[in-house]
A.B. asks: 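Can you read through this structure? Questions will come right after.
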Amino acid sequence: MVWTVADIPDQGGRLALVTGATSGLGLETARALLRRGATVLLGCRDARRADAARAELLADGDPPGTLAVLPLDLADLGSVAAAARTLADDHGRLDLLINNAGVMALPRQLTRDGFERQFGTNHLGHLALTLLLLPLLRGRSGARVVTVTSGAQYFGRMAFDDLQGERRYDRWRAYGQSKLANVMMALELQRRLAAEGSPLLSLAAHPGVARTNLQVASAAASGNWLEPRLVGLLAPLAQSAAAGALPQLYAATAPAARGGGHYAPDGLGGLRGWPTEAPPAAAALDDDQCRRLWTCSLGLLRQAGLTDLSGPEPAPETPGADGSRA
Ligand SMILES: NC(=O)c1ccc[n+]([C@@H]2O[C@H](COP(=O)([O-])OP(=O)(O)OC[C@H]3O[C@@H](n4cnc5c(N)ncnc54)[C@H](OP(=O)(O)O)[C@@H]3O)[C@@H](O)[C@H]2O)c1
């Protein structure tokens with residue numbers, strides 16, 4: 001399937017929030033939605049970089065859509081809650097939430113709320129944002145939540161007994177776990193929305209390997225002199241950020257994309273190519289693991305102060321022929 005930005009349906013009248021829109025896939029996602037007429041909120045933690053992104057997007061010419069910056073630091077739940085309140089006060093609605101921002105393979109650091117930074121930013125911050133914005137998405141025709149995962153989901157494992165890597169930390173394991181959590185939550189949210197008959201859709205997408213600031217920032221933080229050089233050498237093998245953004249744009253806008261779908265490049269190993277539906281990691285299809293992660297994550301968010309957080313109820317368990325669970 002060859003699906004390009006030219007296939008994005010008209011987004012006039014739609015309001016989209018793209019997290020992590022200062023660079024890479026988020027910037028390209030914002031650009032494409034803006035060109036198709038959406039009002040795009042750039043969810044960014046750094047005002048200077050957000051202004052630079054805004055200027056770059058507007059330098060393309062007079063776009064049919066409009067742009068605004070929404071201050072949002074996913075590593076600070078107070079900031080996440082404030083962003084959700086601002087969005088509610090200023091707009092009172094949302095059509096597209098693209099949970100795109102991310103950090104990769106950092107040495108162990110903590111978020112403002114004391115969570116391991118990759119789990120806290122990539123997973124918990126986005127889960128909190130999604131649940132806080134659900135009331136604005138519900139009831140909007142064609143509304144979607146797209147969560148950006150990674151091929152790293154396939155080697156990810158949920159260490160339920162050590163989610164914050166307190167006992168044992170490996171920066172790549174922590175990244176894989178956070179990206180597995182992204183796809184598990186996207187699919188669990190869809191199961192819960194479907195169980196209550198909601199038309200709101202939750203989908204997941206991964207970009208393959210795309211040339212962005214992600215690898216550069218990760219290598220710079222590694223403290224290893226060789227990593228930045230390797231990133232520079234391997235960069236020409238990766239696809240462009242614009243190509244990497246296509247699966248998430250497909251999930252966000254293609255009429256054929258389905259709730260619970262997981263979209264990725266169609267090339268060898270899902271590393272590059274045109275968007276297509278792809279099987280997610282097995283854990284994301286495991287109802288028990290997904291429910292367990294949902295419950296643990298909500299518990300952590302409540303402990304961190306988001307006490308009135310709630311979300312759709314779990315889908316009912318399917319009984320087997322003998323009355324046991326299927
Ligand atoms: N590029 C790839 O090959 C690849 C592969 C698989 C998955 N992904 C996923 O794609 C997504 C986008 O990454 P990218 O490749 O476009 O990387 P990128 O160019 O580094 O962009 C990451 C974005 O996330 C933002 N961000 C980081 N921490 C944040 C926080 N605490 N609060 C708010 N925003 C924050 C960054 O903002 P600042 O400018 O402030 O740092 C930046 O805008 C990530 O979820 C990543 O895991 C990428």
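Both ligands and their constituent atoms are indexed starting at 1 by order of listing. Atom set for the values below is all heavy atoms of this structure, side chains included, hydrogens, waters and symmetry mates excluded.
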A.B. asks: Would you call Thr149 a ligand 1 contact, heavy-atom distance under 4.0 Å?
C.D. replies: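 It does, in that a heavy atom of Thr149 comes within the 4.0 Å cut-off of ligand 1.
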A.B. asks: Which atoms of ligand 1 sit under 4.0 Å from any heavy atom of Ala75?
C.D. replies: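 Counting from 1, the qualifying ligand atoms are 31 (N).
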A.B. asks: Which is it for His206 and ligand 1 at heavy atoms under 4.0 Å: side chain, backbone, both or neither?
C.D. replies: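 Neither part.
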A.B. asks: Which atoms from ligand 1 have a heavy atom of Val103 less than 4.0 Å away?
C.D. replies: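 Selected atoms, number and element: 27 (C), 28 (N).
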A.B. asks: Identify the heavy atoms of Leu34 and Pro63 that sit nearest to each other, and give their distance.
C.D. replies: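 Smallest heavy-atom distance, with atoms named: CG-CB, 3.6 Å.
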A.B. asks: Could you tell me whether Gln215 and ligand 1 have an N or O pair separated by under 3.5 Å?
C.D. replies: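 Looking only at distances, the answer is yes, because the N/O contact criterion of under 3.5 Å is met.
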A.B. asks: Which residue owns the protein heavy atom closest to atom 41 (O) of ligand 1, what's the atom, and how far is it?
C.D. replies: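 Answer, as residue, atom name and distance: Arg45 NH2, 2.7 Å.
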A.B. asks: Select one of side chain, backbone, both or neither to describe which atoms of Asn100 lie under 4.0 Å from any atom of ligand 1, heavy atoms only.
C.D. replies: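 Both backbone and side chain.
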A.B. asks: Do any N/O atoms on Ala210 end up under 3.5 angstrom from N/O atoms on ligand 1?
C.D. replies: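 Between Ala210 and ligand 1 (N or O atoms, distance only) the closest approach is under 3.5 Å.
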A.B. asks: Just by distance, do the side chain of Thr149 and the backbone of Ala205 share a donor-acceptor pair under 3.5 Å?
C.D. replies: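 Side chain of Thr149 to backbone of Ala205, a donor-acceptor pair under 3.5 Å: no, none is there.
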A.B. asks: If you define the side chain from C-beta out and look only at heavy atoms, does anything of Thr4 sit under 4.5 Å from Tyr250?
C.D. replies: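 Result no, sub-4.5 Å side-chain heavy-atom pair not found.
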A.B. asks: Identify the protein heavy atom lying closest to atom 43 (O) of ligand 1, giving its residue, its atom name and the separation to 0.1 Å.
C.D. replies: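 Ranked first by proximity to atom 43 (O) of ligand 1 is Thr22 OG1, 2.5 Å.
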A.B. asks: Can you list the atoms of ligand 1 that are under 4.0 Å from a heavy atom of Val209?
C.D. replies: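 Once the distances to Val209 are compared, the set is 3 (O).
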A.B. asks: Quick one: look up the protein heavy atom nearest atom 24 (O) of ligand 1 and list residue, atom name and how far away it is.
C.D. replies: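 So the nearest neighbour among protein heavy atoms is Gly102 N, 3.2 Å.
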A.B. asks: Counting each atom of ligand 1 from 1 as listed, which ones have a heavy atom of Gly24 under 4.0 Å away?
C.D. replies: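 Near Gly24, the atoms of ligand 1 are 16 (O), 19 (O).
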A.B. asks: Would you mind checking which non-hydrogen protein atom is closest to atom 31 (N) of ligand 1, with the distance to 0.1 Å?
C.D. replies: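 Protein heavy atom with the smallest distance to atom 31 (N) of ligand 1: Asp73 OD1, 2.9 Å.
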A.B. asks: Starting from atom 10 (O) of ligand 1, find the nearest protein heavy-atom neighbour and note its residue, name and distance.
C.D. replies: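 Going by distance alone, atom 10 (O) of ligand 1 is nearest to Leu25 CD1, 3.2 Å.
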A.B. asks: Between CD of Glu196 and CZ of Arg138, what distance do you get to the nearest 0.5 Å?
C.D. replies: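 The CZ atom of Arg138 is 4.0 Å from CD of Glu196, to the nearest 0.5 Å.
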A.B. asks: Count the heavy atoms belonging to other residues, nucleotides or ligands that lie under 6.0 Å from CG of Leu268, then report whether that count exceeds 12.
C.D. replies: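 Not buried by this count: 12 neighbours or fewer within 6.0 Å.
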A.B. asks: Using salt bridge (charged side-chain N to carboxylate O under 4.0 Å, His left out), reason through Arg48 and Asp51 one step at a time and then give a plain yes or no.
C.D. replies: CA-CA 5 Å; Arg48 200 177 41 80; Asp51 286 344; over 6 Å; no
A.B. asks: Out of curiosity, is Lys179 lining ligand 1, as in a heavy atom under 4.0 Å away?
C.D. replies: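 In this structure, Lys179 qualifies as a contact of ligand 1 - some heavy atom is under 4.0 Å.
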A.B. asks: Quick one: does Thr86's side chain get under 4.5 Å of Leu70's, heavy atoms only?
C.D. replies: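 Result yes, sub-4.5 Å side-chain heavy-atom pair found.
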A.B. asks: Closest heavy-atom contact between Ala204 and Val183?
C.D. replies: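 In this case the closest contact between Ala204 and Val183 is CB-CG2, 4.0 Å.
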A.B. asks: Starting at OH of Tyr154, measure out to CG of Leu180 and round the result to the nearest 0.5 Å.
C.D. replies: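 One finds 10.5 Å between OH of Tyr154 and CG of Leu180.
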A.B. asks: If we only consider heavy atoms of Ala53, is any one of them less than 4.0 Å away from an atom in ligand 1?
C.D. replies: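 Outside the 4.0 Å threshold, so no.
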A.B. asks: Are side-chain heavy atoms of Glu277 and Leu203 found at a separation under 4.5 Å?
C.D. replies: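 No, their side chains stay 4.5 Å or more apart.
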A.B. asks: I need the atoms of ligand 1 closer than 4.0 Å to a non-hydrogen atom of Val148, numbered in the order shown.
C.D. replies: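 This gives 9 (C), 10 (O), 11 (C) as the contact atoms.
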A.B. asks: Would the number of heavy atoms belonging to other residues, nucleotides or ligands and lying under 6.0 Å from CG of Asp161 be above 12?
C.D. replies: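 Atom CG in Asp161 is crowded, with more than 12 foreign heavy atoms closer than 6.0 Å.
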A.B. asks: With side chains defined as the heavy atoms from C-beta onward, is the minimum distance between Leu77 and Thr111 less than 4.5 Å?
C.D. replies: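 They are not in side-chain contact.
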A.B. asks: Please state which protein non-hydrogen atom is closest to atom 13 (O) of ligand 1 and give its distance, to 0.1 Å?
C.D. replies: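 Of every protein heavy atom, Leu214 CD1, 4.2 Å lies nearest to atom 13 (O) of ligand 1.
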A.B. asks: Nearest protein heavy-atom contact for atom 19 (O) of ligand 1: which residue, which atom, what distance?
C.D. replies: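 Scanning the protein heavy atoms, the shortest distance from atom 19 (O) of ligand 1 goes to Ser23 OG, 2.7 Å.
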A.B. asks: Check contact between Leu72 and ligand 1, using heavy atoms of the residue and a distance below 4.0 angstrom.
C.D. replies: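 Contact check Leu72 vs ligand 1: positive.
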A.B. asks: Does Arg191 count as lying over the ring of Trp294, i.e. NZ or CZ under 6.0 Å from the six-ring centre, within 45 degrees of the axis?
C.D. replies: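 Judged by the rule, Arg191 and Trp294 form no cation-pi pair.
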A.B. asks: Just wondering, are more than 12 heavy atoms of other shown residues or ligands nearer than 6.0 Å to CZ in Arg112?
C.D. replies: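 Open.
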A.B. asks: Which part of Leu27 is near ligand 1, with near meaning a heavy atom under 4.0 Å away: side chain, backbone, both or neither?
C.D. replies: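 No part of Leu27 is near ligand 1 at this cut-off.
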A.B. asks: Go through Arg173 and Asp170 one step at a time and tell me if the salt bridge (charged side-chain N to carboxylate O under 4.0 Å, His left out) criterion holds.
C.D. replies: CA-CA 5 Å; Arg173 275 175 76 107; Asp170 172 278; 5.6 Å; no
A.B. asks: Nearest protein heavy-atom contact for atom 47 (O) of ligand 1: which residue, which atom, what distance?
C.D. replies: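 Closest protein heavy atom to atom 47 (O) of ligand 1: Tyr175 OH, 2.8 Å.
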A.B. asks: Hey, looking at atom 6 (C) of ligand 1, which of Ser150, Gly43, Gly26 has the closest heavy atom?
C.D. replies: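 Considering heavy atoms of Ser150, Gly43, Gly26, the nearest to atom 6 (C) of ligand 1 sits in Ser150.
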A.B. asks: Could you work out, for atom 5 (C) of ligand 1, the closest of Ala50, Gly151, Gly208 by heavy-atom distance?
C.D. replies: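 Nearest heavy atom to atom 5 (C) of ligand 1 lies in Gly208.
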A.B. asks: Does some non-hydrogen atom of Ala21 fall short of 4.0 Å from ligand 1?
C.D. replies: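 Ala21: in contact with ligand 1 (<4.0 Å).
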A.B. asks: Determine whether a donor-acceptor pair (N or O, by modelled atom type, separation under 3.5 Å) exists between the side chain of Asp95 and the backbone of Ala16.
C.D. replies: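 No; zero donor-acceptor contacts below 3.5 Å.
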A.B. asks: Decide whether the shortest distance between a heavy atom of Met104 and an atom of ligand 1 is less than 4.0 Å.
C.D. replies: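 Per 4.0 Å heavy-atom rule, Met104 does not contact ligand 1.
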A.B. asks: Just go through Ala101, Ala152, Ala205 and tell me whose heavy atom is the nearest to atom 26 (N) of ligand 1.
C.D. replies: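 The nearest heavy atom belongs to Ala101.
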